> 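This structure is in structure tokens; I'll ask about it shortly.
Just so you know, these numbers come straight off a predicted model, no measurement behind them. FYI, the numbering just counts along the sequence from 1.
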Amino acid sequence: MLQYLIICVLLYVLYYRYRDSQCIKNVSDKYVYITGCDSGFGNLLAKHLDEQGFHVLAACFTEKGAEELKECTSSRLKTFQLDIVNSESIIKAAEFVKSEVKEKGLWGLVNNAGISLPAGPSDWLTIDDYKAVLNVNLIGLIEVTLSVLPLIKRARGRIVNVASIFGKISCMGGPYCISKYGVEAFNDGLRRDLSEFGVKVLCIEPGFFKTNMTNLDLITDNFKKIWFRLPQDVKDDYGADYLDKVKHKLKTRLAKLADPNLMKVVWCMNHALTSVHPRTRYSAGRDAKLFWIPLSYMPTIISDIVLRLDKVKSAKCIL
């Protein structure tokens with residue numbers, strides 16, 4: 001009986017690997033629109049897809065980012081500027097995409113653009129801090145998607161939404177995790193709504209990677225900026241040495257967790273766009289698979305204790 005069970009498991013694994021390895025044909029006829037191509041995952045994905053023969057429509061926030069990407073890629077790749085919090089910019093970008101794809105439609109949209117700052121304990125932040133992140137990571141993502149949805153339906157294409165492992169478990173206060181939970185919810189609803197039209201909606205959930213989002217200098221500068229505007233009573237709650245403790249903790253954790261191999265995420269994005277049978281979700285990074293996902297399924301009391309043990313204690317902490 002045990003032998004039969006082992007054989008069945010092995011056959012299933014072989015079938016899954018075969019099914020997972022099947023790729024689409026004629027990529028030279030397909031257009032992919034990617035946001036956030038100035039650097040990081042979006043920049044690498046644009047180059048990677050260009051090398052494969054896709055027509056890449058790469059949206060960059062800065063003119064410099066667009067020019068640098070254009071210089072090191074083929075003539076198939078077209079760059080343009082996009083401000084994801086500006087509706088006029090999104091509409092203009094959608095018109096450009098429509099003029100490029102014409103009757104073929106849009107095979108892929110990769111919603112990659114995002115920010116992680118401002119960030120900090122919840123009682124440090126203002127509503128404007130929340131809006132700044134939510135407008136980019138969630139509202140902007142939704143608006144970009146809606147702006148080209150008819151083109152994706154025409155091609156029976158793919159929508160790839162870059163969320164985060166922190167769309168499964170909120171390890172800190174502030175707007176970042178909230179925005180990624182929102183992306184997860186939007187992704188699920190969209191996937192179910194569009195499945196009957198042949199459109200596949202996939203979600204990428206990276207762990208910690210060495211990008212601008214995990215840049216220690218940028219993060220500590222953000223904390224300092226917010227700290228200096230806090231009322232004195234809030235500073236007293238946390239203690240005068242709180243910032244130094246946070247910087248030390250971040251330096252230690254990021255050195256251990258931030259994976260320098262960004263291609264792990266790019267591979268997930270590429271598979272979502274090119275596989276005949278893409279996965280519904282892609283978790284990228286060892287920390288995501290081995291720590292954050294298991295922790296997200298644990299009882300709340302356990303996850304709270306685990307996260308509390310790693311947290312910098314405030315001066316007036318009572319726990």
Side-chain angles (χ1 to χ4, degrees), residues 39-41 114-130 132-134 136-137 162-181 205-262 264-265 283-296 298 300-319:
S39 62
F41 304 133
I115 59 174
S116 59
L117 304 175
S122 299
D123 53 342
W124 289 23
L125 303 173
T126 67
I127 191 62
D128 288 335
D129 294 326
Y130 280 84
V133 176
L134 290 169
V136 174
N137 292 1
V162 181
S164 168
I165 201 61
F166 299 120
K168 285 184 171 294
I169 182 167
S170 187
C171 67
M172 55 191 173
Y176 181 76
C177 294
I178 295 171
S179 71
K180 294 305 182 180
Y181 267 76
E205 300 168 339
F208 277 97
F209 282 86
K210 195 169 285 187
T211 66
N212 283 336
M213 285 195 180
T214 56
N215 184 298
L216 181 62
D217 291 335
L218 293 177
I219 295 171
T220 52
D221 285 347
N222 157 81
F223 270 88
K224 287 178 183 177
K225 183 179 178 181
I226 296 176
W227 175 266
F228 290 134
R229 77 182 188 198
L230 292 176
Q232 190 57 48
D233 61 322
V234 176
K235 291 181 180 180
D236 292 340
D237 287 343
Y238 285 85
D241 61 345
Y242 187 78
L243 281 182
D244 292 333
K245 291 179 179 178
V246 168
K247 185 175 181 178
H248 176 73
K249 176 72 75 172
L250 284 171
K251 186 176 182 179
T252 304
R253 288 292 171 263
L254 292 178
K256 291 180 179 179
L257 294 176
D259 193 329
N261 186 5
L262 306 190
K264 290 179 181 179
V265 177
S283 298
R286 283 180 300 177
D287 63 315
K289 293 181 174 70
L290 301 179
F291 181 72
W292 297 112
I293 290 178
L295 187 64
S296 72
M298 289 184 183
T300 303
I301 189 170
I302 295 177
S303 59
D304 281 355
I305 291 171
V306 171
L307 293 174
R308 190 183 301 131
L309 289 173
D310 194 53
K311 191 176 181 181
V312 176
K313 299 294 188 292
S314 60
K316 295 185 178 179
C317 177
I318 61 172
L319 298 176

> Evaluate side chain to side chain contact (heavy atoms under 4.5 Å, CB included) for Phe228 paired with Leu243, printing each intermediate quantity in order.
CA-CA 11 Å; Phe228 290 134; Leu243 281 182; 5.5 Å; no

> Show the nearest heavy-atom pair for residues Tyr176 and Ser116, with the distance to one decimal.
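What the structure gives for the nearest pair is CD1-CA, 3.6 Å.
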
> Is the side chain of Asp259 donor-acceptor paired with the backbone N or O of Arg286 at a distance under 3.5 Å, no angle test?
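Looks like no, no N/O pair under 3.5 Å.
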
> Could you give the distance from OG (Ser303) to CZ (Arg308), rounded to the nearest 0.5 Å?
9.5 Å

> Restricting to non-hydrogen atoms, name the atom on Gly207 and the atom on Ile165 that form the minimum distance, rounded to 0.1 Å.
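Minimum heavy-atom contact is CA-CG2, 4.0 Å.
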
> With a 4.5 Å heavy-atom cut-off, do Ser122 and Tyr130 have their side chains touching?
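SC-SC contact between Ser122 and Tyr130 confirmed.
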
> Take Thr252 and Lys256 through the test side chain to side chain contact (heavy atoms under 4.5 Å, CB included) and record every step on the way to the result.
CA-CA 7 Å; Thr252 304; Lys256 291 180 179 179; 4.2 Å; yes

> What heavy-atom pair brings Leu290 and Pro294 nearest, and what distance separates the two atoms?
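Distance-wise, the nearest heavy atoms are O-CG, 3.6 Å.
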
> Over all heavy atoms of both residues, which pair between Glu205 and Ala288 is shortest? Give the atoms and the distance, please.
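The answer is O-CB, 4.3 Å.
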
> Would Trp292 and Ser283 count as a side chain to side chain contact (heavy atoms under 4.5 Å, CB included) if you check the C-alpha gap in whole Å, the side-chain angles of each, and the deciding distance to 0.1 Å?
CA-CA 10 Å; Trp292 297 112; Ser283 298; over 6 Å; no

> Out of curiosity, Asn212 CG to Ile115 CD1, how far, rounded to the nearest 0.5 Å?
12.0 Å

> Search all heavy atoms of Gly114 against all heavy atoms of Asn137 and return the closest pair with its distance.
CA-OD1, 3.1 Å

> Do Phe208 and Arg253 touch side chain to side chain, with heavy atoms closer than 4.5 Å?
no

> Hey, is NZ on Lys247 packed in by over 12 heavy atoms from elsewhere, all under 6.0 Å?
no

> Heavy atoms, side chains only, cut-off 4.5 Å: are Asp221 and Lys225 in contact?
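The answer is no; the side chains never approach within 4.5 Å.
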
> Among Ser164, Ser296, Cys177, which one satisfies side-chain contact (heavy atoms from CB on, under 4.5 Å) with Ile169?
Ser296

> Please report the shortest heavy-atom distance between Leu125 and Gly174, naming the atom on each side.
CD1-CA, 3.5 Å

> Examine Trp227 together with Tyr238 and report whether their ring centres are nearer than 6.0 Å.
no

> So with a 6.0 Å cut-off around CD1 of Ile127, is the heavy-atom count from everything else above 12?
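Counting neighbours around CD1 of Ile127, more than 12 heavy atoms of other residues, nucleotides or ligands fall under 6.0 Å, so yes.
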
> Got a sec, which residues hit salt bridge (charged side-chain N to carboxylate O under 4.0 Å, His left out) with Lys245, two or more places apart in sequence or on another chain?
Asp241

> Name all residues meeting the salt bridge (charged side-chain N to carboxylate O under 4.0 Å, His left out) criterion together with Asp237; count only those two or more places apart in sequence or in a different chain, and write none if there are none.
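Testing Asp237 for salt bridge (charged side-chain N to carboxylate O under 4.0 Å, His left out), a comparison that skips the adjacent residues, returns Lys316.
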
> Within the supplied structure, the quantity of interest is the number of heavy atoms (other residues, nucleotides, ligands) at a distance under 6.0 Å from Lys289 NZ; does it exceed 12?
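Yes - once you tally the heavy atoms of other residues, nucleotides and ligands closer than 6.0 Å, there are more than 12.
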
> Is the number of heavy atoms from other residues, nucleotides or ligands within 6.0 Å of NZ (Lys249) greater than 12?
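Atom NZ in Lys249 is packed in, count exceeds 12.
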
> To the closest 0.5 Å, what do you measure between CD1 (Ile302) and CG (Leu307)?
12.0 Å

> Distance check, rounded to the nearest 0.5 Å: Ile219 atom CD1 versus Asn222 atom CG?
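Those atoms lie 8.0 Å apart.
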
> Does any part of the side chain of Val133, heavy atoms only, come nearer than 4.5 Å to the side chain of Pro118, both counted from C-beta?
yes

> So, Asp129 and Arg229, do they make that salt bridge, N to O below 4.0 Å?
yes

> Let me confirm one number: the CG-CG distance from Leu250 to Asp217, rounded to the nearest 0.5 Å.
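So the CG of Leu250 and the CG of Asp217 are separated by 11.5 Å.
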
> Please report the interatomic distance OG1(Thr126) to CD1(Ile226), rounded to the nearest 0.5 Å.
8.0 Å

> Evaluate the side-chain proximity of Leu254 to Lys210: yes if any heavy-atom separation is below 4.5 Å, no if none is.
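With C-beta onward as the side chain, the pair stays apart.
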
